[in-house]
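Index from 1, following the sequence.
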Amino acid sequence: MVGAPPVCKFGWKAPGFALPGVDGRRYRYQDIAGPKGTLVMFICNHCPYVLKALDRIIRDAAELTALGIGVVAISANDAEAYPQDGFAQMKALATERGFAFPYLYDESQGVARAYGAACTPDFFGFDASGGLQYRGRLEGPQPQAGLAEPRRELYEALKQVAKTGHGPREQFPAMGCSIKWKAG
């Protein structure tokens, strides 16, 4: 099932969290926050949208970190219904792909609900004070065959946040697989 979240609610404050990471540490929002802003990504292991974009997500995360943006990925999918999204599988993916950012598990799904996460991937870009400045997609539409890569909308938006504290006014919602919520 494909999901698309709403666009940015400028200034909305990042909810706090305390979640376990695949590296054995527990992380809070404050531990992740960068001096110029913070990117909170909701991803998972099995989503074809995430898997197709993972190299670009990893690239953009590294480049944003260098600009002073803190980066974290959170998986909130129901691992009972989707075992490939379980904690052990998350750890394996992070190791295999060399994640340079914490990959956290939201088993209760409370953090995903607090953020209003709708799909994987879903991107939330915050300014240095924790106010939302970007809620959009990773990149623009695929260009015509043989042309340049798609526009790096997430990277450009968070680069702008790092420089000015403000995100772009024009933003397009992310699209991906819906979060796999637990029944009941």
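- Under a 3.5 Å cut-off, the side chain of Q109 and the backbone N or O of A76 do form a donor-acceptor pair.
- Looking only at side-chain heavy atoms (C-beta outward), P15 and V111 stay at 4.5 Å or farther from each other.
- Under the salt bridge (Lys or Arg N to Asp or Glu O under 4.0 Å) criterion, the residue pairs touching residues 85-112 are D55-R97, with sequence neighbours excluded.
- Using modelled atom types, no side-chain atom of N77 and backbone atom of A79 make a donor-acceptor pair closer than 3.5 Å.
- Note on L67: it clusters hydrophobically with F101, by side-chain heavy-atom contacts below 4.5 Å among ILVMFWY residues.
- Y105 and L54 fall within the same hydrophobic cluster, where Ile, Leu, Val, Met, Phe, Trp and Tyr residues are linked whenever their side-chain heavy atoms come under 4.5 Å apart, directly or through other members.
- Within the 4.5 Å cutoff, no side-chain heavy atoms of I43 are placed close to those of I74.
- A distance of 11.0 Å separates CZ in F42 from OG1 in T120, rounded to the nearest 0.5 Å.
- Closest approach of A117 and W181 over heavy atoms only: O-CZ2, 3.5 Å.
- Under the 4.5 Å side-chain contact rule for hydrophobic residues, F87 and L93 share a cluster.
- For K13 (side chain) and G11 (main-chain N/O), no donor-acceptor pair under 3.5 Å exists by modelled atom type.
- Between atom OG of residue S75 and atom NE2 of residue H46 there is a gap of 9.5 Å, rounded to the nearest 0.5 Å.
- Closest heavy-atom contact between F123 and R137: CD1-C, 4.2 Å.
- Partners of E156 under the side chain to side chain donor-acceptor pair (under 3.5 Å) rule, at least two apart in sequence or in another chain, do not exist in this structure.
- Distance check, rounded to the nearest 0.5 Å: CD1 of I58 to CZ of F99 gives 5.0 Å.
- Of the possible donor and acceptor atoms, one in the side chain of Q160 sits under 3.5 Å from a partner among the backbone N and O of H166.
- Using a 4.5 Å heavy-atom cutoff, the side chains of Y29 and T38 are in contact.
- Residue R135 comes nearest to Q171 through the heavy atom pair N-OE1, 3.0 Å, listed as atom of the first residue, atom of the second, then distance.
- Two residues are said to be in side-chain contact when any heavy atoms from C-beta on lie closer than 4.5 Å; D60 and Y155 meet this criterion.
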Stepwise side chain to side chain contact (heavy atoms under 4.5 Å, CB included) check, L19 with R26: CA-CA 5 Å; L19 295 171; R26 192 160 190 82; 5.6 Å; no
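- Side-chain atoms of N45 come within 3.5 Å of backbone atoms of Q89 as a donor-acceptor pair (strictly under, hydrogens ignored).
- Within the 6.0 Å centre-distance limit, the rings of F124 and Y115 are counted as a close aromatic pair.
- A distance of 6.5 Å separates OH of Y103 from SG of C44, quoted to the nearest 0.5 Å.
- The line from CG of L154 to CD1 of I57 is 8.5 Å long, rounded to the nearest 0.5 Å.
- Smallest separation of non-hydrogen atoms from L158 and I69: O-CD1, 3.8 Å.
- Within 6.0 Å of CD in Q84 there are more than 12 heavy atoms belonging to other residues, nucleotides or ligands.
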Worked check of salt bridge (Lys or Arg N to Asp or Glu O under 4.0 Å) between E139 and R152: CA-CA 5 Å; E139 56 200 10; R152 296 171 64 190; over 6 Å; no
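- Note on M90 and Y49: separate hydrophobic clusters, where clusters join Ile, Leu, Val, Met, Phe, Trp and Tyr whose side-chain heavy atoms are under 4.5 Å apart, directly or indirectly.
- What you find for C8 and Q133 is that their closest heavy atoms are SG-C, 3.6 Å.
- Applying the salt bridge (Lys or Arg N to Asp or Glu O under 4.0 Å) definition to pairs two or more places apart or across chains, those involving residues 30-44 are R28-D31.
- A cation-pi arrangement, defined by a distance under 6.0 Å to the six-membered ring centre and an angle within 45 degrees of its axis, is present between R169 and F10.
- Side-chain contact between V71 and I32 is absent, with no heavy-atom pair separated by less than 4.5 Å.
- Closest of all the heavy-atom pairs between C47 and C177 is SG-SG, 3.1 Å.
- In this structure, CH2 in W12 is found 5.0 Å from CZ in F126, a value given to the nearest 0.5 Å.
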